[in-house]
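Report on one structure; see the data block that follows.
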2 protein chains.
Amino acid sequence: MGRWEPDAQGRLLRAALELFAEHGYEATTTAQIAERAGLTKTTLFRLFADKREIVFQAQDELTALVRRGVDEAVEGAGPTELMVNGVRILSGAHTEQHRATGRILDPILAASPELNERAIFKRSAITSALEDALLGHGVDPLRAGVLADLGIRAYYGGYDAWVAADDSTTLTEHVLARVTLLRSELSRI
Amino acid sequence: MGRWEPDAQGRLLRAALELFAEHGYEATTTAQIAERAGLTKTTLFRLFADKREIVFQAQDELTALVRRGVDEAVEGAGPTELMVNGVRILSGAHTEQHRATGRILDPILAASPELNERAIFKRSAITSALEDALLGHGVDPLRAGVLADLGIRAYYGGYDAWVAADDSTTLTEHVLARVTLLRSELSRI
DNA sequence: ATGGTGATGTTACCGAGTCACATAAGCGAC
DNA sequence: GTCGCTTATGTGACTCGGTAACATCACCAT
């Protein structure tokens with residue numbers, strides 16, 4: 001096995017998911033992951049900031065996506081439409097393959113407090129990105145925060161429903177439906 | 001220095017805050033903290049679950065507080081009143097001393113990604129506690145989530161304003177004012 | 001004083017993450 | 001082709017957070 005096998009990052013990712021599924025996250029050692037991928041611990045930490053990021057690194061693009069969704073909303077869109085477009089673009093990036101990955105990953109996440117904490121951090125990062133994007137479009141700060149909370153709550157709620165469902169409804173449909181539901185709740189608060 | 005000095009936990013906490021303020025969180029070693037407190041690393045980890053918890057352990061009671069606030073709301077209170085009472089009791093527990101501590105702690109938190117992540121986790125835990133408490137009183141799940149987000153957003157926003165201010169306004173006043181502001185934003189979403 | 005209990009210390013260990021340095025692969029220039 | 005440059009990987013040693021087994025000491029009741 002020569003050193004220069006391609007896609008080191010992908011190999012590490014696949015090795016990690018296998019091992020996490022087999023023995024659990026905490027019981028898997030970074031050295032074991034590297035070994036299965038035909039690499040060493042050092043290389044692993046050159047490609048991933050830390051052990052948790054092996055699982056979450058893919059999520060980093062989501063903050064950029066939600067920003068783009070807000071920025072590319074139609075001219076003259078109001079605050080709520082800006083938010084909706086943010087979560088619409090965000091949700092639109094998820095394919096059936098992501099759903100399959102989610103089904104593998106979710107039980108692993110649920111079993112590890114460490115991963116849970118990172119997951120919450122990522123959710124917070126996405127929320128902040130959405131809030132920032134709204135602020136950048138002149139939305140009132142208080143409203144931007146509340147809108148971001150609502151949008152991301154719809155996104156995560158929709159995601160859970162989407163992963164749990166086995167029909168062909170898209171994530172976007174789930175999420176947008178939930179945005180509508182949540183907005184109708186607001187009128188009663 | 002005999003072994004049986006009282007208040008090992010308090011000594012560790014004070015030693016830690018001193019060292020964090022002097023050299024920063026990451027640059028401070030758990031062994032250094034223990035040494036300054038006249039103890040050892042082992043004892044430190046017997047009293048704190050991990051290094052981050054030295055800073056955040058005190059926050060664990062907050063989840064119980066917000067629950068209690070919801071549970072002890074007046075008979076016949078609606079969902080929103082339940083939530084408001086939760087954050088009211090939560091805010092009411094903060095004294096001037098907490099404000100002083102916050103002024104020391106906040107810059108330390110801001111400087112450490114690791115502590116930041118834990119702070120966000122704690123916020124999420126408080127939000128979930130509030131949401132749970134509302135669910136326990138029969139509030140509709142969707143509404144409970146949104147209410148919890150709003151309440152905790154008001155609490156944290158109010159907290160920041162309170163720590164930054166130097167007048168004698170209480171945290172509760174700040175937070176309740178913010179709840180009102182946020183609620184008025186909702187009508188426009 | 002004696003013995004039990006609980007808080008602490010000692011020692012050794014594991015695993016995440018870092019660093020300085022070595023090495024090999026790929027690639028273009030000549 | 002081979003020389004040199006760059007880039008990806010390996011090596012080995014190290015730090016630090018965190019755990020565990022076992023020893024030890026203080027306090028207290030009897």
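These numbers come from a predicted model, not from an experiment. Residue numbers begin at 1 in each chain, while the letters A, B, ... track the order of the sequences.
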Thr29(A) side chain N/O closer than 4.0 Å to the phosphate oxygens (OP1, OP2) of dA16(C)? yes
Using whole Å, report how far CD of Glu26(A) lies from C1' of dC14(C). 14 Å
By side-chain hydrogen bond (donor to acceptor under 3.5 Å, both in side chains), which residues pair with Glu35(B), not counting sequence neighbours? none
Just how far, in rounded Å, is P of dT11(D) from CG of Leu39(A)? 11 Å
If I take atom CD in residue Glu117(B) and atom P in nucleotide dG17(D), what distance separates them, rounded to the nearest angstrom? 17 Å
Have a look at Glu117(B) and tell me which of Arg123(A), Arg118(A), Arg52(A) forms a salt bridge (charged side-chain N to carboxylate O under 4.0 Å, His left out) with it. Arg118(A)
Among residues at least two apart in sequence or on other chains, which ones pass side-chain hydrogen bond (donor to acceptor under 3.5 Å, both in side chains) with Glu22(B)? Arg36(B)
Just to confirm, is there a sub-4.0 Å distance from OP1 or OP2 of dA8(D) to any side-chain nitrogen or oxygen of Thr43(A)? no
Is the phosphate of dT8(C) approached by Thr40(B) (side-chain N or O, under 4.0 Å from OP1 or OP2)? no
Residues in salt bridge (Lys or Arg N to Asp or Glu O under 4.0 Å) with Glu26(B), at least two apart? none
How many Å lie between CG on Asp7(B) and P on dT8(C), as a whole number? 10 Å
To the nearest Å, how far apart are Leu12(A) CG and dG17(C) P? 14 Å
Quick one: list whatever passes ring pair (Phe, Tyr, Trp, His ring centres under 6.0 Å) with Phe121(B), sequence neighbours left out. none
Before giving the answer on side-chain hydrogen bond (donor to acceptor under 3.5 Å, both in side chains), spell out for Thr95(A) and His98(A) the whole-Å C-alpha distance, their side-chain angles and the decisive distance to 0.1 Å. CA-CA 5 Å; Thr95(A) 67; His98(A) 289 94; 3.0 Å; yes
Value in whole Å for how far the C1' atom of dT11(D) lies from NZ of Lys41(A): 12 Å
Between side-chain atoms of residues 58-80 of chain A and protein atoms elsewhere (two or more places apart, or another chain), which donor-acceptor pairs fall under 3.5 Å?
| residue | atom | partner | partner atom | Å |
| --- | --- | --- | --- | --- |
| Asp60(A) | OD1 | Lys122(A) | NZ | 2.7 |
| Thr63(A) | OG1 | Asp60(A) | O | 3.1 |
| Asp71(A) | OD1 | His137(A) | NE2 | 2.8 |

Quick one: is dT9(D) close enough that its OP1 or OP2 comes under 4.0 Å of any side-chain N or O from Thr42(A)? no
Roughly how many Å is it from CD in Glu35(A) to C1' in dT9(D), rounded to a whole number? 16 Å
Residues in residues 44-56 of chain B with a heavy atom under 4.0 Å of DNA chain D, by number, are Phe45(B), Asp50(B), Lys51(B), Arg52(B)
Calculate the interatomic distance between His23(B) atom NE2 and dT15(D) atom P; express it in whole Å. 18 Å
